[in-house]
Amino acid sequence: MAVSTGGVQAAGASARGGRPDGPGPLRRSMSTHWYAWAMIAPAAVVMLVLIGWPLVWGVYLSLTDATEATIGRTIGVNVIPATYEFVGLDNYLRILTSDLFWDKLLWTVVWTVACVSLHYGIGLGLALMLNRRLRLRSLYRVLLILPWAVPAFVAAFIWRYLYNSDYGVINGFLKLAGLSGVGWLDDPATAKIAVIAVNVWIGVPFMMVALLGGLQSIPAELYEAAEVDGASAWQRFTAITLPGLRQVSSTVVLLGTIWTFNMFPIIFLITGGGPGSETEILVTYAFREAFTGIRDYAGSAAWGVIILAMLVVLALGYRRTLRSQGDPW
């Protein structure tokens, strides 16, 4: 005779205050995957110490009026206590209502869109070229990846020398061609073009390698079938190549946008934000707030939180757009 266990289970649950039998999902995960949790624990602790705590402290500072004069410090045997106070959202209101912020934001957006567009366009063109059968293709790949292998600060110093008005190689070639030299870093327009060119030179190899991997994952049979059906090269590109690169493209464009938006060394080391502050982007201006002149730690922290918030909103919006278009990413 079949015996129903529902009543027994219900009685057991009611005896324990309504809690179901067995451990919860977190405890089951810990007991089942304890080795995985143990492996990621050191990395998680390091991230909490190096990223989590500074982030929390930065958010707190952004709500105060902490400056170089009010921050606590120790000079020899003398301990000077902190005198800064909580001011709420005053720093954010001051930044968001200033013309300076919107000027820097506009240039940062132009800088990011120009660089990422050129990264993707040139990278895709080079990837398509290297995906074909070419003589010395391996050599071309190595040479095109070299800019990515060079550290950003080294590349910045090299390009700063190339752009030098008096002794730079670029102006040297212009003079050999009978043209006058250009003050690349002395004029706002040419300085902006110069830093965009350097960032494109550095960022194209990453985009090229990622897109080349995506191209090689597209089955060759699709191209063969399209060619048999009489599809032109452009039709094969739009109907097979671009859809096949969709997931790779969405990832590298988002990563490229975040990296370029926060690309500190190129701007800081090549132009120093100049001439004046014409090439200053949001992240370099936040740095100057904290480390130049009368150091405004609270203002710099508020700039950093605003930058982080904009990037988070951008990433979430970008992901939502992709999902609405059927992309599982």
Side-chain angles (χ1 to χ4, degrees), residues 40-113 254-269 271-274 276-321:
I40 67 172
V45 171
V46 170
M47 290 186 66
L48 285 175
V49 172
L50 297 182
I51 299 177
W53 169 244
L55 178 61
V56 172
W57 180 248
V59 172
Y60 168 72
L61 277 183
S62 71
L63 301 174
T64 68
D65 60 354
T67 65
E68 186 177 16
T70 60
I71 201 79
R73 56 198 181 278
T74 301
I75 303 176
V77 296
N78 300 315
V79 178
I80 301 176
T83 58
Y84 58 84
E85 298 177 351
F86 184 82
V87 296
L89 300 176
D90 287 356
N91 291 317
Y92 295 97
L93 293 175
R94 174 173 55 83
I95 292 172
L96 294 175
T97 55
S98 67
D99 293 335
L100 177 66
F101 170 77
W102 297 104
D103 289 341
K104 300 306 175 191
L105 177 61
L106 177 61
W107 162 234
T108 304
V109 171
V110 171
W111 150 267
T112 303
V113 172
L254 178 60
L255 291 176
T257 300
I258 294 173
W259 292 340
T260 305
F261 200 89
N262 287 324
M263 181 55 71
F264 175 84
I266 300 303
I267 300 290
F268 187 78
L269 296 177
T271 65
S277 62
E278 292 295 326
T279 58
E280 202 97 70
I281 59 175
L282 292 175
V283 68
T284 59
Y285 189 83
F287 171 84
R288 290 193 180 280
E289 284 282 279
F291 295 103
T292 60
I294 299 176
R295 301 179 178 182
D296 186 1
Y297 299 124
S300 177
W303 280 81
V305 173
I306 291 172
I307 294 169
L308 175 62
M310 286 190 294
L311 289 174
V312 169
V313 170
L314 171 66
L316 293 177
Y318 186 69
R319 184 178 178 183
R320 184 174 181 179
T321 301

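Small disclaimer: the values here were computed from a predicted structure and weren't measured.
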Would you please say whether a donor-acceptor pair under 3.5 Å links the side chains of Lys104 and Ser277?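 A pair is found: one side chain offers a donor N or O, the other an acceptor, under 3.5 Å apart.
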
If only atom types and distance count, is the side chain of Ser300 paired as donor or acceptor with the main-chain N or O of Asp296 below 3.5 Å?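 Answer holds: no.
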
[atom1]/[X] to [atom2]/[Y] distance, rounded to the nearest 0.5 angstrom?
{"X": "Glu280", "Y": "Thr271", "atom1": "CD", "atom2": "OG1", "answer": "7.5 Å"}
{"X": "Ile281", "Y": "Leu105", "atom1": "CD1", "atom2": "CG", "answer": "11.5 Å"}
{"X": "Asp65", "Y": "Asn91", "atom1": "CG", "atom2": "CG", "answer": "8.0 Å"}
{"X": "Phe291", "Y": "Glu68", "atom1": "CZ", "atom2": "CD", "answer": "11.0 Å"}
{"X": "Thr279", "Y": "Ile266", "atom1": "OG1", "atom2": "CD1", "answer": "12.0 Å"}
{"X": "Leu282", "Y": "Asp103", "atom1": "CG", "atom2": "CG", "answer": "11.0 Å"}

Please find the pair of heavy atoms, one from Ala302 and one from Tyr92, that lie closest to each other, and give the distance.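 Residues Ala302 and Tyr92, closest heavy atoms: O-CE2, 3.8 Å.
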
Which atoms form the tightest heavy-atom contact between Ala298 and Leu61, and what is the distance?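 Smallest interatomic distance, heavy atoms only, reads CB-O, 3.3 Å.
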
Within a strict 4.5 Å, meaning less than it, do heavy atoms of the [X] and [Y] side chains meet?
{"X": "Leu89", "Y": "Leu63", "result": "yes"}
{"X": "Tyr318", "Y": "Thr257", "result": "no"}
{"X": "Leu311", "Y": "Asn262", "result": "yes"}
{"X": "Phe264", "Y": "Leu269", "result": "no"}

Aromatic ring pairing Trp107/Trp111, orientation class (parallel under 30°, perpendicular over 60°, tilted between):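 The arrangement is tilted - the two ring planes meet at 30° to 60°.
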
For a side-chain contact (heavy atoms from CB on, under 4.5 Å) check, start with the C-alpha distance between Thr64 and Tyr297, then their side-chain angles and the critical distance, and finish with the verdict. CA-CA 9 Å; Thr64 68; Tyr297 299 124; over 6 Å; no

Apply the test side-chain contact (heavy atoms from CB on, under 4.5 Å) to residues Tyr285 and Leu100: give CA-CA distance (whole Å), side-chain angles for both, the deciding distance (0.1 Å), then the verdict. CA-CA 10 Å; Tyr285 189 83; Leu100 177 66; 2.9 Å; yes

Show your reasoning for whether side-chain hydrogen bond (donor to acceptor under 3.5 Å, both in side chains) applies to Tyr84 and Thr67. CA-CA 8 Å; Tyr84 58 84; Thr67 65; over 6 Å; no

Kindly indicate, with the supporting measurements, whether the criterion ring pair (Phe, Tyr, Trp, His ring centres under 6.0 Å) is fulfilled by Trp303 and Phe101. CA-CA 9 Å; Trp303 280 81; Phe101 170 77; 5.7 Å; yes

